[in-house]
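Start at 1 and go down the list; that is how both ligands and their atoms are numbered.
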Amino acid sequence: MKKKWWRDGLPFECTQCGKCCRVEGYVWVNTADIAKLAGFLQMTPPAFEKKYLRTVGRRRSLIEKPNFECIFWDGGCSVYPVRPPQCKTYPFWHQNLESIETWQEVVEECPGSGTGSVYSGEEIEQLLRQKGETNKSQ
Ligand code: SF4
């Protein structure tokens, strides 16, 4: 990443609109994420994997509904307490913070971005370290 243009912080406050949960894309999960999700749903990890995951190359992603909503979207996130890092860290992904222009694209898509409480540069750094970003738009 080039210089941290966002070092003085950025405003973000999720409006719970669910827009980011209802578009085509991958939600990547690792073994630890799967264990948390499976536990929350009182399933074994293999049963969870069979029912809710797809393999993409060497990675695993949640499946989507035919209309591209996240499989756990139910008028809200039905696994919110254990949602994957990608969901927890949005919109503070490397790809979104690449430049003011990429952030502006996020602001246009996500009504919570660019408004509300300011996340400090340190808080954004912490979220970036969780590497929640995706290769494909969320
Ligand atoms: S699109 Fe933005 S405001 Fe809407 S649910 Fe997602 S993060 Fe929250």
Side-chain angles (χ1 to χ4, degrees):
M1 187 177 301
K2 297 174 205 129
K3 78 174 180 192
K4 296 170 181 171
W5 62 269
W6 42 263
R7 63 188 173 279
D8 293 332
L10 288 172
F12 170 67
E13 198 158 320
C14 180
T15 66
Q16 312 284 326
C17 73
K19 206 171 163 188
C20 59
C21 315
R22 293 180 287 125
V23 291
E24 184 177 11
Y26 299 117
V27 180
W28 305 112
V29 286
N30 63 22
T31 302
D33 304 326
I34 294 166
K36 279 187 209 158
L37 285 157
F40 184 76
L41 297 172
Q42 301 186 312
M43 299 172 78
T44 63
F48 177 87
E49 186 150 0
K50 192 170 176 195
K51 188 166 182 185
Y52 293 117
L53 298 185
R54 53 184 160 159
T55 301
V56 185
R58 298 173 65 177
R59 305 169 78 186
R60 286 165 294 178
S61 170
L62 300 182
I63 57 170
E64 297 170 318
K65 299 177 193 172
N67 64 0
F68 302 123
E69 287 180 350
C70 174
I71 194 65
F72 293 120
W73 174 259
D74 184 20
C77 176
S78 62
V79 294
Y80 191 81
V82 291
R83 66 200 186 285
Q86 187 174 317
C87 312
K88 279 185 188 156
T89 59
Y90 183 79
F92 299 114
W93 297 348
H94 288 280
Q95 65 204 63
N96 292 343
L97 297 178
E98 193 71 31
S99 65
I100 293 173
E101 290 74 23
T102 58
W103 176 250
Q104 196 51 44
E105 286 171 23
V106 175
V107 168
E108 283 165 25
E109 290 295 317
C110 161
S113 299
T115 184
S117 313
V118 173
Y119 280 65
S120 69
E122 290 74 28
E123 288 172 310
I124 294 172
E125 288 270 18
Q126 277 178 14
L127 290 165
L128 285 171
R129 275 199 287 276
Q130 293 182 43
K131 292 189 165 59
E133 73 267 27
T134 174
N135 294 330
K136 193 173 174 185
S137 59
Q138 193 189 28

Note to self: As an exercise, identify every atom of ligand 1 less than 4.0 angstrom from a heavy atom of Gly112.
What the structure shows: 3 (S)
Next item on the list: Applying side chain to side chain contact (heavy atoms under 4.5 Å, CB included), run through Thr15 and Thr115 and close with a yes or a no.
Entry: CA-CA 10 Å; Thr15 66; Thr115 184; 5.7 Å; no
Check: Between Glu125 and Arg7, is the closest basic N to carboxylate O distance under 4.0 Å?
Finding: no
Next item on the list: Could you tell me whether the side chain of Tyr26 reaches within less than 4.5 Å of the side chain of Arg59, counting heavy atoms only?
Entry: no
Item checked: Heavy-atom proximity to atom 2 (Fe) of ligand 1, best of Ser113, Cys21, Cys110 -> Cys110
Margin query: Please tell me whether Phe12 and Trp5 are part of a single hydrophobic cluster in this structure, the criterion being side-chain heavy atoms less than 4.5 Å apart.
Written below: yes
Margin query: Please verify the inter-ring angle class for Phe92 with Trp103; under 30° counts as parallel, over 60° as perpendicular, anything in between as tilted.
Written below: parallel
Check: Can you list the ligand 1 atoms lying under 4.0 Å from a non-hydrogen atom of Cys20?
Finding: 1 (S), 5 (S), 6 (Fe), 7 (S)
Notebook entry, point to check: In ligand 1, which numbered atoms sit nearer than 4.0 Å to a non-hydrogen atom of Tyr90?
Noted result: 7 (S)
Next item on the list: Flag Cys14 as yes if one of its N/O/S atoms falls below 2.8 Å of atom 4 (Fe) of ligand 1, otherwise no.
Entry: no
Item checked: Atoms in ligand 1 with a heavy atom of Gly18 nearer than 4.0 Å -> 4 (Fe), 5 (S)
